[in-house]
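Following: one structure in C-alpha coordinates, then a few remarks.
For the numbers below, each heavy atom of this structure counts, side chains included, while hydrogens, waters and symmetry mates do not. Source: prediction; values computed, not measured. Naming convention: chains lettered A, B, ... in sequence-line order (proteins, then strands); numbering from 1 in each chain.
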There are 2 protein chains.
Amino acid sequence: MIDENLLLNHGAKKVAFSKGDQLFREGESALNFYQVASGEIKMNNYNEEGKEFIQGIFSIGQSFGEPPLLANVKYPANAEAISDAEVFQLTKEQFLQLLSSNPTVHLKITTTLAKRLYYKAIMVSEISSQEPEHRILRIIDYLKHVDKVEGEFNYKLNLTRQQLADLTGLRVETVIRATKSLEKKGELQIKKRKVYR
Amino acid sequence: MIDENLLLNHGAKKVAFSKGDQLFREGESALNFYQVASGEIKMNNYNEEGKEFIQGIFSIGQSFGEPPLLANVKYPANAEAISDAEVFQLTKEQFLQLLSSNPTVHLKITTTLAKRLYYKAIMVSEISSQEPEHRILRIIDYLKHVDKVEGEFNYKLNLTRQQLADLTGLRVETVIRATKSLEKKGELQIKKRKVYR
DNA sequence: GAGAGAATATGATTAGGATCATAAAACAGG
DNA sequence: CCTGTTTTATGATCCTAATCATATTCTCTC
(Lines give C-alpha, C1' and ligand atoms only; values in the text may rest on other atoms or scores of the structure.)
Protein backbone atom coordinates (compact mmCIF):
# COMPACT_ATOMS: atom_id res chain seq x y z
CA MET A 1 0.00 0.00 0.00
CA ILE A 2 1.37 3.36 -1.06
CA ASP A 3 0.53 6.45 0.96
CA GLU A 4 -2.41 8.34 -0.51
CA ASN A 5 -0.70 11.73 -0.45
CA LEU A 6 2.38 10.35 -2.09
CA LEU A 7 0.22 8.98 -4.88
CA LEU A 8 -1.59 12.28 -5.30
CA ASN A 9 1.72 14.16 -5.30
CA HIS A 10 2.85 12.00 -8.18
CA GLY A 11 -0.21 12.87 -10.21
CA ALA A 12 -2.63 10.13 -9.22
CA LYS A 13 -6.26 10.51 -10.21
CA LYS A 14 -9.05 9.09 -8.11
CA VAL A 15 -11.50 7.30 -10.37
CA ALA A 16 -14.91 5.88 -9.44
CA PHE A 17 -16.45 2.71 -10.83
CA SER A 18 -19.86 1.15 -10.37
CA LYS A 19 -20.38 -2.47 -9.47
CA GLY A 20 -19.80 -4.59 -12.55
CA ASP A 21 -17.68 -2.02 -14.42
CA GLN A 22 -14.55 -3.29 -16.09
CA LEU A 23 -11.34 -1.31 -15.50
CA PHE A 24 -9.43 -3.21 -18.14
CA ARG A 25 -9.67 -6.38 -20.17
CA GLU A 26 -7.48 -9.36 -20.89
CA GLY A 27 -5.25 -8.69 -23.87
CA GLU A 28 -5.20 -4.91 -23.53
CA SER A 29 -1.96 -3.02 -23.06
CA ALA A 30 -1.09 -2.14 -19.49
CA LEU A 31 -1.22 1.63 -19.17
CA ASN A 32 -1.85 2.34 -15.51
CA PHE A 33 -0.98 1.54 -11.96
CA TYR A 34 -3.99 1.00 -9.69
CA GLN A 35 -4.54 1.09 -5.96
CA VAL A 36 -7.94 0.52 -4.39
CA ALA A 37 -9.30 3.51 -2.46
CA SER A 38 -12.65 1.95 -1.60
CA GLY A 39 -14.74 -1.06 -2.57
CA GLU A 40 -13.44 -4.27 -4.11
CA ILE A 41 -11.93 -5.19 -7.45
CA LYS A 42 -11.46 -8.68 -8.82
CA MET A 43 -9.16 -9.87 -11.56
CA ASN A 44 -10.53 -12.75 -13.59
CA ASN A 45 -10.41 -14.81 -16.75
CA TYR A 46 -13.14 -16.44 -18.74
CA ASN A 47 -12.27 -19.58 -20.64
CA GLU A 48 -13.77 -20.66 -23.97
CA GLU A 49 -16.87 -22.09 -22.30
CA GLY A 50 -17.41 -18.89 -20.34
CA LYS A 51 -16.29 -20.35 -17.04
CA GLU A 52 -14.79 -17.75 -14.75
CA PHE A 53 -11.49 -18.01 -12.94
CA ILE A 54 -10.73 -15.40 -10.27
CA GLN A 55 -7.05 -14.52 -10.06
CA GLY A 56 -7.49 -12.40 -6.98
CA ILE A 57 -9.71 -10.01 -5.10
CA PHE A 58 -8.29 -6.65 -4.05
CA SER A 59 -9.65 -4.29 -1.42
CA ILE A 60 -8.68 -1.01 0.19
CA GLY A 61 -4.98 -0.22 0.08
CA GLN A 62 -4.09 -3.06 -2.27
CA SER A 63 -2.60 -2.40 -5.66
CA PHE A 64 -3.11 -4.54 -8.73
CA GLY A 65 -2.13 -4.75 -12.37
CA GLU A 66 1.53 -3.85 -11.80
CA PRO A 67 3.06 -7.02 -13.28
CA PRO A 68 2.08 -6.37 -16.92
CA LEU A 69 3.06 -2.74 -16.46
CA LEU A 70 6.55 -3.70 -15.34
CA ALA A 71 6.93 -6.73 -17.59
CA ASN A 72 5.71 -4.77 -20.59
CA VAL A 73 3.12 -7.30 -21.64
CA LYS A 74 -0.63 -7.36 -22.22
CA TYR A 75 -3.01 -7.89 -19.33
CA PRO A 76 -3.42 -11.61 -18.64
CA ALA A 77 -6.84 -11.03 -17.07
CA ASN A 78 -9.76 -8.62 -16.71
CA ALA A 79 -10.33 -6.28 -13.78
CA GLU A 80 -13.87 -5.75 -12.63
CA ALA A 81 -15.49 -3.88 -9.73
CA ILE A 82 -17.25 -6.33 -7.40
CA SER A 83 -18.89 -3.43 -5.59
CA ASP A 84 -18.99 0.28 -6.24
CA ALA A 85 -15.37 1.26 -5.92
CA GLU A 86 -12.80 4.03 -6.22
CA VAL A 87 -9.22 3.56 -7.31
CA PHE A 88 -6.13 5.72 -7.47
CA GLN A 89 -4.72 5.65 -10.94
CA LEU A 90 -1.20 6.52 -12.07
CA THR A 91 0.10 6.44 -15.60
CA LYS A 92 2.98 4.11 -16.31
CA GLU A 93 5.39 7.05 -16.47
CA GLN A 94 4.18 8.50 -13.19
CA PHE A 95 4.47 5.10 -11.58
CA LEU A 96 8.00 4.45 -12.81
CA GLN A 97 8.93 7.97 -11.76
CA LEU A 98 7.57 7.26 -8.30
CA LEU A 99 9.58 4.05 -8.06
CA SER A 100 12.83 5.66 -9.08
CA SER A 101 12.39 8.66 -6.83
CA ASN A 102 11.37 6.63 -3.84
CA PRO A 103 13.41 3.46 -3.13
CA THR A 104 11.34 2.61 -0.08
CA VAL A 105 8.17 2.48 -2.13
CA HIS A 106 10.01 0.52 -4.79
CA LEU A 107 11.06 -2.10 -2.25
CA LYS A 108 7.53 -2.25 -0.93
CA ILE A 109 6.20 -2.97 -4.42
CA THR A 110 8.88 -5.59 -4.97
CA THR A 111 7.92 -7.22 -1.70
CA THR A 112 4.24 -7.16 -2.66
CA LEU A 113 5.04 -8.89 -5.93
CA ALA A 114 7.14 -11.43 -4.06
CA LYS A 115 4.25 -12.21 -1.74
CA ARG A 116 1.84 -12.65 -4.58
CA LEU A 117 4.28 -14.87 -6.38
CA TYR A 118 4.57 -16.94 -3.24
CA TYR A 119 0.82 -17.28 -3.12
CA LYS A 120 0.54 -18.18 -6.79
CA ALA A 121 3.29 -20.77 -6.43
CA ILE A 122 1.29 -22.44 -3.71
CA MET A 123 -1.97 -22.17 -5.61
CA VAL A 124 -0.61 -23.51 -8.85
CA SER A 125 0.87 -26.59 -7.19
CA GLU A 126 -2.20 -27.02 -5.06
CA ILE A 127 -4.60 -26.68 -7.96
CA SER A 128 -2.59 -29.09 -10.04
CA SER A 129 -2.72 -31.56 -7.20
CA GLN A 130 -6.38 -32.06 -7.96
CA GLU A 131 -8.14 -32.91 -4.65
CA PRO A 132 -10.96 -30.37 -4.29
CA GLU A 133 -10.87 -30.36 -0.51
CA HIS A 134 -7.20 -29.47 -0.49
CA ARG A 135 -7.66 -26.66 -2.92
CA ILE A 136 -10.45 -25.19 -0.88
CA LEU A 137 -8.65 -25.41 2.46
CA ARG A 138 -5.53 -23.86 1.01
CA ILE A 139 -7.24 -20.86 -0.43
CA ILE A 140 -9.21 -20.29 2.76
CA ASP A 141 -6.02 -20.52 4.79
CA TYR A 142 -4.37 -18.06 2.50
CA LEU A 143 -7.21 -15.56 2.79
CA LYS A 144 -7.27 -16.03 6.54
CA HIS A 145 -3.56 -15.35 6.62
CA VAL A 146 -3.92 -12.25 4.46
CA ASP A 147 -6.56 -10.92 6.83
CA LYS A 148 -4.23 -11.72 9.73
CA VAL A 149 -6.82 -13.74 11.62
CA GLU A 150 -5.57 -16.19 14.25
CA GLY A 151 -7.26 -19.00 16.15
CA GLU A 152 -9.59 -21.80 15.13
CA PHE A 153 -12.89 -20.95 13.46
CA ASN A 154 -12.30 -17.24 14.06
CA TYR A 155 -12.16 -16.45 10.39
CA LYS A 156 -15.39 -15.87 8.53
CA LEU A 157 -15.07 -16.41 4.81
CA ASN A 158 -16.80 -13.63 2.93
CA LEU A 159 -17.19 -15.44 -0.33
CA THR A 160 -20.08 -17.23 -1.96
CA ARG A 161 -19.64 -20.87 -2.90
CA GLN A 162 -19.54 -19.72 -6.49
CA GLN A 163 -16.63 -17.34 -5.85
CA LEU A 164 -14.80 -20.07 -4.01
CA ALA A 165 -15.36 -22.28 -7.01
CA ASP A 166 -14.03 -19.62 -9.36
CA LEU A 167 -10.94 -19.13 -7.22
CA THR A 168 -10.14 -22.82 -7.15
CA GLY A 169 -11.22 -23.80 -10.62
CA LEU A 170 -13.91 -26.11 -9.30
CA ARG A 171 -17.69 -26.20 -9.79
CA VAL A 172 -20.23 -24.80 -7.35
CA GLU A 173 -21.72 -28.18 -6.64
CA THR A 174 -18.31 -29.63 -5.95
CA VAL A 175 -17.47 -26.77 -3.58
CA ILE A 176 -20.75 -27.19 -1.74
CA ARG A 177 -20.22 -30.90 -1.31
CA ALA A 178 -16.57 -30.49 -0.39
CA THR A 179 -17.20 -27.81 2.23
CA LYS A 180 -19.83 -30.02 3.84
CA SER A 181 -17.45 -32.93 3.88
CA LEU A 182 -14.76 -30.70 5.39
CA GLU A 183 -17.17 -29.58 8.06
CA LYS A 184 -17.89 -33.22 8.90
CA LYS A 185 -14.15 -33.78 9.23
CA GLY A 186 -13.89 -30.83 11.60
CA GLU A 187 -11.68 -28.83 9.27
CA LEU A 188 -14.12 -25.94 9.17
CA GLN A 189 -17.49 -24.84 10.47
CA ILE A 190 -20.61 -23.72 8.62
CA LYS A 191 -22.94 -21.36 10.47
CA LYS A 192 -25.85 -19.73 8.74
CA ARG A 193 -24.34 -20.95 5.46
CA LYS A 194 -21.15 -19.05 6.12
CA VAL A 195 -17.84 -20.84 6.29
CA TYR A 196 -15.63 -20.36 9.37
CA ARG A 197 -12.05 -21.54 9.63
CA MET B 1 20.25 -11.62 -14.84
CA ILE B 2 22.69 -9.72 -12.69
CA ASP B 3 26.20 -9.12 -13.94
CA GLU B 4 28.65 -11.70 -12.62
CA ASN B 5 31.23 -9.17 -11.46
CA LEU B 6 28.62 -7.14 -9.68
CA LEU B 7 27.55 -10.25 -7.81
CA LEU B 8 31.12 -11.13 -6.89
CA ASN B 9 31.78 -7.56 -5.76
CA HIS B 10 28.87 -7.87 -3.41
CA GLY B 11 30.29 -10.98 -1.83
CA ALA B 12 28.72 -13.71 -3.95
CA LYS B 13 30.08 -17.22 -3.61
CA LYS B 14 30.10 -19.66 -6.51
CA VAL B 15 28.83 -23.00 -5.30
CA ALA B 16 28.82 -26.30 -7.20
CA PHE B 17 26.12 -28.95 -7.03
CA SER B 18 25.87 -32.41 -8.51
CA LYS B 19 22.88 -33.66 -10.41
CA GLY B 20 20.16 -34.52 -7.93
CA ASP B 21 21.47 -32.34 -5.09
CA GLN B 22 18.94 -30.22 -3.27
CA LEU B 23 19.82 -26.56 -2.68
CA PHE B 24 16.95 -26.02 -0.30
CA ARG B 25 13.72 -27.65 0.73
CA GLU B 26 10.11 -26.64 1.05
CA GLY B 27 9.42 -25.21 4.49
CA GLU B 28 12.96 -24.00 5.15
CA SER B 29 13.72 -20.35 5.83
CA ALA B 30 14.93 -18.37 2.83
CA LEU B 31 18.52 -17.37 3.50
CA ASN B 32 20.09 -16.80 0.10
CA PHE B 33 19.73 -15.28 -3.29
CA TYR B 34 20.66 -17.61 -6.15
CA GLN B 35 21.61 -17.11 -9.77
CA VAL B 36 22.52 -20.00 -12.06
CA ALA B 37 26.10 -19.91 -13.37
CA SER B 38 25.93 -23.23 -15.22
CA GLY B 39 23.64 -26.24 -15.48
CA GLU B 40 19.95 -26.31 -14.62
CA ILE B 41 17.97 -26.05 -11.42
CA LYS B 42 14.33 -26.94 -10.93
CA MET B 43 11.95 -25.87 -8.22
CA ASN B 44 9.37 -28.46 -7.33
CA ASN B 45 6.81 -29.77 -4.87
CA TYR B 46 5.85 -33.27 -3.96
CA ASN B 47 2.30 -33.84 -2.82
CA GLU B 48 1.17 -36.41 -0.25
CA GLU B 49 1.18 -39.21 -2.80
CA GLY B 50 4.68 -38.31 -3.91
CA LYS B 51 3.59 -36.81 -7.21
CA GLU B 52 5.94 -34.09 -8.38
CA PHE B 53 4.94 -30.62 -9.53
CA ILE B 54 7.62 -28.50 -11.20
CA GLN B 55 7.25 -24.80 -10.45
CA GLY B 56 9.93 -23.81 -12.90
CA ILE B 57 13.24 -24.71 -14.48
CA PHE B 58 16.07 -22.19 -14.32
CA SER B 59 19.18 -22.12 -16.44
CA ILE B 60 22.21 -19.89 -16.93
CA GLY B 61 21.69 -16.28 -15.91
CA GLN B 62 18.34 -16.87 -14.26
CA SER B 63 17.81 -16.20 -10.61
CA PHE B 64 15.43 -18.06 -8.35
CA GLY B 65 14.21 -18.16 -4.79
CA GLU B 66 13.94 -14.39 -4.37
CA PRO B 67 10.23 -14.23 -3.51
CA PRO B 68 10.47 -15.93 -0.09
CA LEU B 69 13.58 -13.90 0.61
CA LEU B 70 11.75 -10.64 -0.03
CA ALA B 71 8.40 -11.72 1.39
CA ASN B 72 10.05 -13.10 4.49
CA VAL B 73 8.34 -16.47 4.32
CA LYS B 74 9.44 -20.10 4.13
CA TYR B 75 10.27 -21.69 0.82
CA PRO B 76 7.11 -22.91 -0.89
CA ALA B 77 9.07 -25.50 -2.88
CA ASN B 78 12.33 -27.43 -3.14
CA ALA B 79 15.24 -26.54 -5.41
CA GLU B 80 17.12 -29.37 -7.03
CA ALA B 81 19.91 -29.59 -9.58
CA ILE B 82 18.67 -31.26 -12.79
CA SER B 83 22.22 -31.52 -14.06
CA ASP B 84 25.57 -30.76 -12.48
CA ALA B 85 25.35 -27.06 -11.84
CA GLU B 86 27.00 -24.00 -10.34
CA VAL B 87 25.19 -21.10 -8.75
CA PHE B 88 26.14 -17.70 -7.43
CA GLN B 89 24.95 -17.33 -3.91
CA LEU B 90 24.37 -14.13 -1.93
CA THR B 91 23.22 -13.89 1.65
CA LYS B 92 19.99 -12.04 2.26
CA GLU B 93 21.88 -9.04 3.65
CA GLN B 94 24.24 -8.92 0.69
CA PHE B 95 21.30 -9.16 -1.67
CA LEU B 96 19.31 -6.38 -0.01
CA GLN B 97 22.46 -4.28 0.10
CA LEU B 98 22.91 -4.83 -3.63
CA LEU B 99 19.32 -3.79 -4.31
CA SER B 100 19.55 -0.61 -2.31
CA SER B 101 22.90 0.40 -3.73
CA ASN B 102 21.90 -0.30 -7.30
CA PRO B 103 18.45 0.91 -8.40
CA THR B 104 18.92 -0.46 -11.91
CA VAL B 105 19.44 -3.96 -10.61
CA HIS B 106 16.53 -3.51 -8.26
CA LEU B 107 14.25 -2.59 -11.13
CA LYS B 108 15.51 -5.57 -13.09
CA ILE B 109 14.62 -7.88 -10.23
CA THR B 110 11.21 -6.26 -9.90
CA THR B 111 10.66 -6.77 -13.60
CA THR B 112 11.73 -10.39 -13.37
CA LEU B 113 9.25 -10.99 -10.58
CA ALA B 114 6.56 -9.26 -12.62
CA LYS B 115 7.25 -11.54 -15.56
CA ARG B 116 7.09 -14.62 -13.46
CA LEU B 117 3.89 -13.45 -11.88
CA TYR B 118 2.48 -12.92 -15.34
CA TYR B 119 3.44 -16.46 -16.26
CA LYS B 120 1.99 -17.92 -13.06
CA ALA B 121 -1.24 -16.00 -13.57
CA ILE B 122 -1.59 -17.60 -16.97
CA MET B 123 -0.63 -21.04 -15.74
CA VAL B 124 -2.96 -20.99 -12.77
CA SER B 125 -5.96 -20.04 -14.89
CA GLU B 126 -4.92 -22.45 -17.60
CA ILE B 127 -4.37 -25.34 -15.24
CA SER B 128 -7.66 -24.68 -13.55
CA SER B 129 -9.32 -24.73 -16.95
CA GLN B 130 -8.76 -28.46 -17.05
CA GLU B 131 -8.29 -29.48 -20.75
CA PRO B 132 -4.94 -31.27 -20.92
CA GLU B 133 -4.22 -30.17 -24.48
CA HIS B 134 -4.60 -26.53 -23.54
CA ARG B 135 -2.34 -26.82 -20.57
CA ILE B 136 0.35 -28.45 -22.63
CA LEU B 137 0.21 -25.96 -25.47
CA ARG B 138 0.29 -23.04 -23.10
CA ILE B 139 3.35 -24.16 -21.26
CA ILE B 140 5.16 -24.98 -24.47
CA ASP B 141 4.29 -21.55 -25.84
CA TYR B 142 5.57 -19.94 -22.69
CA LEU B 143 8.87 -21.80 -22.83
CA LYS B 144 9.21 -20.99 -26.51
CA HIS B 145 8.61 -17.35 -25.68
CA VAL B 146 11.16 -17.40 -22.86
CA ASP B 147 13.74 -18.83 -25.24
CA LYS B 148 12.80 -16.13 -27.74
CA VAL B 149 12.18 -18.57 -30.57
CA GLU B 150 10.02 -17.40 -33.48
CA GLY B 151 8.37 -19.23 -36.37
CA GLU B 152 6.37 -22.42 -36.61
CA PHE B 153 7.91 -25.68 -35.43
CA ASN B 154 11.25 -23.95 -34.87
CA TYR B 155 11.22 -24.59 -31.19
CA LYS B 156 12.45 -27.92 -29.89
CA LEU B 157 11.11 -28.75 -26.49
CA ASN B 158 13.88 -30.11 -24.28
CA LEU B 159 11.67 -31.83 -21.79
CA THR B 160 10.67 -35.40 -21.29
CA ARG B 161 6.98 -36.27 -21.30
CA GLN B 162 7.31 -36.82 -17.59
CA GLN B 163 8.66 -33.32 -16.99
CA LEU B 164 5.90 -31.88 -19.13
CA ALA B 165 3.45 -33.83 -17.00
CA ASP B 166 5.00 -32.49 -13.80
CA LEU B 167 4.83 -28.93 -15.09
CA THR B 168 1.18 -29.19 -16.02
CA GLY B 169 -0.03 -31.39 -13.22
CA LEU B 170 -1.00 -34.16 -15.61
CA ARG B 171 0.08 -37.78 -15.91
CA VAL B 172 2.70 -39.09 -18.31
CA GLU B 173 0.23 -41.22 -20.22
CA THR B 174 -2.11 -38.29 -20.56
CA VAL B 175 0.71 -36.09 -21.86
CA ILE B 176 1.79 -38.74 -24.35
CA ARG B 177 -1.74 -39.15 -25.68
CA ALA B 178 -2.40 -35.42 -25.71
CA THR B 179 0.80 -34.55 -27.57
CA LYS B 180 -0.04 -37.17 -30.20
CA SER B 181 -3.49 -35.76 -30.56
CA LEU B 182 -2.04 -32.25 -30.86
CA GLU B 183 0.33 -33.47 -33.54
CA LYS B 184 -2.63 -34.89 -35.45
CA LYS B 185 -4.32 -31.52 -35.20
CA GLY B 186 -1.22 -29.82 -36.57
CA GLU B 187 -0.57 -27.85 -33.40
CA LEU B 188 2.88 -29.36 -33.01
CA GLN B 189 5.28 -31.81 -34.58
CA ILE B 190 6.98 -34.86 -33.13
CA LYS B 191 10.28 -35.87 -34.66
CA LYS B 192 12.40 -38.60 -33.14
CA ARG B 193 10.12 -38.39 -30.11
CA LYS B 194 10.97 -34.74 -29.60
CA VAL B 195 8.24 -32.13 -29.60
CA TYR B 196 8.55 -29.15 -31.94
CA ARG B 197 6.35 -26.10 -31.82
C1' DG C 1 26.80 -54.86 -30.34
C1' DA C 2 24.86 -56.70 -26.03
C1' DG C 3 22.53 -55.51 -21.94
C1' DA C 4 20.40 -52.31 -18.65
C1' DG C 5 17.77 -48.46 -17.70
C1' DA C 6 15.08 -44.75 -19.22
C1' DA C 7 11.50 -42.94 -22.01
C1' DT C 8 7.65 -43.59 -24.90
C1' DA C 9 3.63 -46.14 -26.21
C1' DT C 10 -0.98 -48.31 -25.85
C1' DG C 11 -4.97 -50.87 -24.29
C1' DA C 12 -8.45 -51.78 -20.41
C1' DT C 13 -10.63 -50.33 -16.37
C1' DT C 14 -11.86 -47.23 -12.69
C1' DA C 15 -13.01 -43.23 -10.17
C1' DG C 16 -14.28 -38.81 -9.19
C1' DG C 17 -15.56 -34.34 -10.62
C1' DA C 18 -18.50 -32.17 -14.18
C1' DT C 19 -22.86 -31.81 -15.79
C1' DC C 20 -27.80 -31.84 -15.69
C1' DA C 21 -32.07 -31.27 -13.34
C1' DT C 22 -34.64 -29.64 -9.78
C1' DA C 23 -35.67 -27.86 -5.28
C1' DA C 24 -35.41 -25.25 -1.19
C1' DA C 25 -33.73 -21.65 1.58
C1' DA C 26 -32.04 -16.89 2.19
C1' DC C 27 -32.14 -12.25 0.83
C1' DA C 28 -33.28 -7.63 -1.25
C1' DG C 29 -36.36 -4.18 -2.44
C1' DG C 30 -40.61 -2.17 -3.05
C1' DC D 1 -45.31 -9.12 3.66
C1' DC D 2 -45.01 -10.59 -0.91
C1' DT D 3 -42.12 -11.37 -5.12
C1' DG D 4 -38.18 -12.12 -7.78
C1' DT D 5 -33.41 -13.17 -7.55
C1' DT D 6 -29.48 -15.16 -5.64
C1' DT D 7 -27.37 -18.73 -3.15
C1' DT D 8 -27.22 -23.22 -1.32
C1' DA D 9 -28.54 -27.99 -1.65
C1' DT D 10 -28.98 -32.77 -3.52
C1' DG D 11 -29.71 -36.69 -6.45
C1' DA D 12 -28.64 -39.04 -11.08
C1' DT D 13 -25.79 -39.63 -14.94
C1' DC D 14 -21.88 -38.92 -17.83
C1' DC D 15 -17.18 -38.38 -19.27
C1' DT D 16 -12.56 -38.08 -19.16
C1' DA D 17 -8.21 -38.25 -17.01
C1' DA D 18 -6.09 -41.32 -13.61
C1' DT D 19 -4.72 -45.73 -12.85
C1' DC D 20 -3.04 -50.27 -13.89
C1' DA D 21 -0.68 -53.43 -16.81
C1' DT D 22 2.42 -54.43 -20.22
C1' DA D 23 5.12 -53.66 -24.29
C1' DT D 24 8.20 -51.37 -27.30
C1' DT D 25 11.73 -48.19 -28.53
C1' DC D 26 15.59 -45.48 -27.54
C1' DT D 27 20.03 -44.40 -25.33
C1' DC D 28 24.06 -44.99 -22.96
C1' DT D 29 27.89 -47.74 -21.29
C1' DC D 30 30.96 -51.48 -21.23
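Considering only side-chain atoms of E173(B), the nucleotide from dT10(D), dT19(D), dA18(C) that sits closest is dT19(D). Distance from the side chain of R193(A) is smallest to dA25(C) among dC20(D), dA25(C), dC26(D). The side chain of I176(A) approaches dT8(D) more closely than any other nucleotide in the set dT10(C), dT8(D), dA17(D).
The distance between atom CD of E183(B) and atom C1' of dT8(C), rounded to the nearest whole Å, is 13 Å. Distance D166(A) CG to dT7(D) P: 11 Å, rounded to the nearest Å. Note: NZ (K191(B)) to C1' (dC26(D)) measures 18 Å, nearest angstrom. The distance between atom CG of L164(B) and atom P of dA9(C), rounded to the nearest whole Å, is 12 Å. Rounded to an integer number of Å, the gap from L159(A) CG to dT6(D) P is 18 Å. The interatomic distance linking R171(A) (CZ) with dT10(D) (C1') rounds to 18 Å, in whole Å. Taking atom CD1 on I190(A) and atom C1' on dA9(D), their separation rounds to 11 Å, with Å as the unit. Per the geometry, NZ belonging to K192(B) stands 16 Å off P belonging to dA7(C), to the nearest Å.
Contact check, T160(A) against dT7(D): no side-chain N or O comes under 4.0 Å of OP1 or OP2. At the phosphate of dA7(C), neither OP1 nor OP2 sits under 4.0 Å from any side-chain N or O atom of R161(B). A sub-4.0 Å separation between OP1 or OP2 of dT8(D) and a side-chain N or O of K180(A) is absent.
Using modelled atom types and a 3.5 Å distance limit, the side chains of E86(B) and S38(B) yield a donor-acceptor pair. With 3.5 Å as the limit, one finds a donor-acceptor pair spanning the side chains of K92(A) and N72(A).
By the 6.0 Å contact criterion, NZ on K194(A) is enclosed, its count of non-hydrogen atoms from other residues, nucleotides or ligands being greater than 12. Taking a 6.0 Å sphere around CZ of R197(B), one finds it holds more than 12 heavy atoms contributed by other residues, nucleotides or ligands.
Side-chain rings of Y34(B) and F64(B) approach one another, their centers coming within less than 6.0 Å.
Take the nearest nucleotide of DNA chain C for R177(B) and for K194(B): the residue whose nucleotide is more 5' is K194(B).
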